[in-house]
Number of protein chains: 2
Amino acid sequence: MHSFTEENYLKAIYKLQETNGEVVATSALAQVMGVHAPSVTDMLKRMAGKKLVTYQKSKGFKLTEKGKQVAVGIIRNHRLWEVFLVDKLGYKWDEVHDLAEQLEHIHSEDLTNKLDKFLGFPKADPHGDPIPDANGVLPKSKAVLLSSLKVGEQGTFTGVTDHTPAFLNYLDKAGISLGNTLKVKAIEEFDQTYTIQLNDKKGAVISHKVANSLLVNK
Amino acid sequence: MHSFTEENYLKAIYKLQETNGEVVATSALAQVMGVHAPSVTDMLKRMAGKKLVTYQKSKGFKLTEKGKQVAVGIIRNHRLWEVFLVDKLGYKWDEVHDLAEQLEHIHSEDLTNKLDKFLGFPKADPHGDPIPDANGVLPKSKAVLLSSLKVGEQGTFTGVTDHTPAFLNYLDKAGISLGNTLKVKAIEEFDQTYTIQLNDKKGAVISHKVANSLLVNK
DNA sequence: TACAATGATTAGACTAATCTAATTATATTT
DNA sequence: AAATATAATTAGATTAGTCTAATCATTGTA
């Protein structure tokens, strides 16, 4: 099997490839992994030897098919355990990340699948992030940022791009939850503050930063 | 926190102290840990530095109060996760040990306690082993080996001393389950084969080895 | 009580994952 | 295109946990 460290590198590379494009830079990975650049170079060389990444000196690197499979498997574990913690143990959505970071490294495909069944084959984790199925297939979401909507448009709130407890807590306090309908009533020209309507009922004023962290399905 | 390796040493020492008396030998620990003796000496020196064990050169070693607390905490985790795997995910009692060996190292007292509550504060794991409470208190059991009973005596089957899948499977096939009443009908003098009666109904013939691996409450 | 057998420790080496300091490649700017 | 700034790699060291081979300590027995 792979070490926890390797698995964490794979996950981090996967996420960087998703957002920043195919090829990942040493420094970017060092930053998200919280290590210094030479550690990344060393690790990447070892992982290239195991055919988990392709690596060309000073040219960056990307996951192989094998590396991608491992990464998606870990993401599947992570998100299923998050559902377990929230749905079954009563944790709040802003409390589960660190625990899931530990649980995701439990090595047993069978356990993952039994957990999936126990939870009723959920499609998304408590933050709306999609859960890959047993074959590693991750449904492509059509969600867009609330900040991309024009005045008058609306969508269903299905996910966040900021997973920090601080932001999640803010949403709780503001009464904004997954599944709510968000309608853009006005956008302030000066600073792009959004005035929105929740579930066709009460209104709310949110900053551009917040609108830029909310995913909606039109 | 402590590393997984340290935690596994602590657990192993705890179990050896329980069965073989207070002071543990290097070679005994090496055997159960599956490492060679010098590794144990090295590790024990490090752990003595952390006040987890007391250690005197060539005299053996034992857990400190602190070491004992950590060990009991891990055993609590292990047994609660076993209950989860059997009761909630549908695993058989002979399949859960290796998974629980991984899950026991998840570091979160809060998670352990929430899991405990979710499971309904179970008193014992699927093999009948008692689960320490949140304060680390492990109820002293009054169970005795079936092999210590005389003809005519009976007891309730509450645990096993052999946790191997092979033995657990044998019990399944023989129809012997936790909670059954076992009454000793006869003991063959020649080889101490036991003839027993299950739940005051059907009889069964079991070897001395089996009778020596079953715990009962008289 | 001395000697052999067993058990424990030291010495020296290895791997994975990290670090700092120094060097080399790549990219940017004039 | 040369000079500079930034990013990546190499070199050499460190720690945890392990190993083998060699040595030292303990115990039981003749």
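Proteins get letters first, then strands, A, B, ... in listed order; numbering begins at 1 in each. Just the heavy atoms: all of them, side chains too, but no hydrogens, waters or symmetry mates, feed the values below.
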Side-chain N,O (B/S27) to OP1/OP2 (C/dA8) below 4.0 Å: yes
Interatomic distance, A/N20 CG vs D/dA7 P [rounded to whole Å]: 14 Å
Length of the line joining A/Q31:CD and D/dT6:C1', which is rounded to integer Å: 15 Å
Between P of D/dT9 and CE of A/M43, the distance in whole Å: 15 Å
Interatomic distance, A/D42 CG vs D/dA11 C1' [rounded to whole Å]: 10 Å
Shortest non-hydrogen separation from B/L63 to B/Q17 and the atoms involved: N-OE1, 2.7 Å
Phosphate-side-chain proximity, A/T5 and C/dA16, N/O vs OP1/OP2 below 4.0 Å: no
N/O (side chain, A/R46) to phosphate O (OP1/OP2, C/dA17) under 4.0 Å: yes
Single hit among A/K50, A/K11, A/K66 for salt bridge (charged side-chain N to carboxylate O under 4.0 Å, His left out) with A/E6: A/K50
Between P of D/dC19 and CE of B/M33, the distance in whole Å: 10 Å
Between C/dA25 (C1') and A/Q56 (CD): distance, integer Å: 14 Å
Nucleotide of D/dT9, D/dG17, C/dA17 approaching A/K57 most closely (side-chain heavy atoms): D/dT9
Given D/dC19, C/dA21, C/dA17, the nucleotide with the shortest approach to the side chain of A/P38: C/dA21
Distance test, side-chain N/O of A/Y55 to OP1/OP2 of D/dA8, below 4.0 Å: no
Nearest-Å distance for atom pair NZ/P, residues B/K59 and C/dA8: 13 Å
C/dT18 phosphate, OP1 or OP2, under 4.0 Å from A/Y9 side-chain N/O: yes
B/H36 side-chain N/O to D/dT18 phosphate OP1/OP2 under 4.0 Å: no
A/M47 CE to C/dT18 P, straight-line distance once rounded to whole Å: 11 Å
Near-ring test A/H78/A/H97, centroid separation under 6.0 angstrom: yes
Residue-phosphate contact under 4.0 Å: A/S39 side-chain N/O, C/dA17 OP1/OP2: no
Side-chain N or O of A/K45 closer than 4.0 Å to phosphate OP1/OP2 of D/dT10: yes
Side-chain N or O of A/T41 closer than 4.0 Å to phosphate OP1/OP2 of D/dT10: no
Options C/dT18, C/dA17, D/dG17, nucleotide nearest the side-chain atoms of A/S3: C/dA17
Axial cation check for B/Y55 ring with B/K62, 6.0 Å and 45° limits: no
Closest heavy-atom pair and its distance - B/G159, B/L178: N-CD2, 3.6 Å
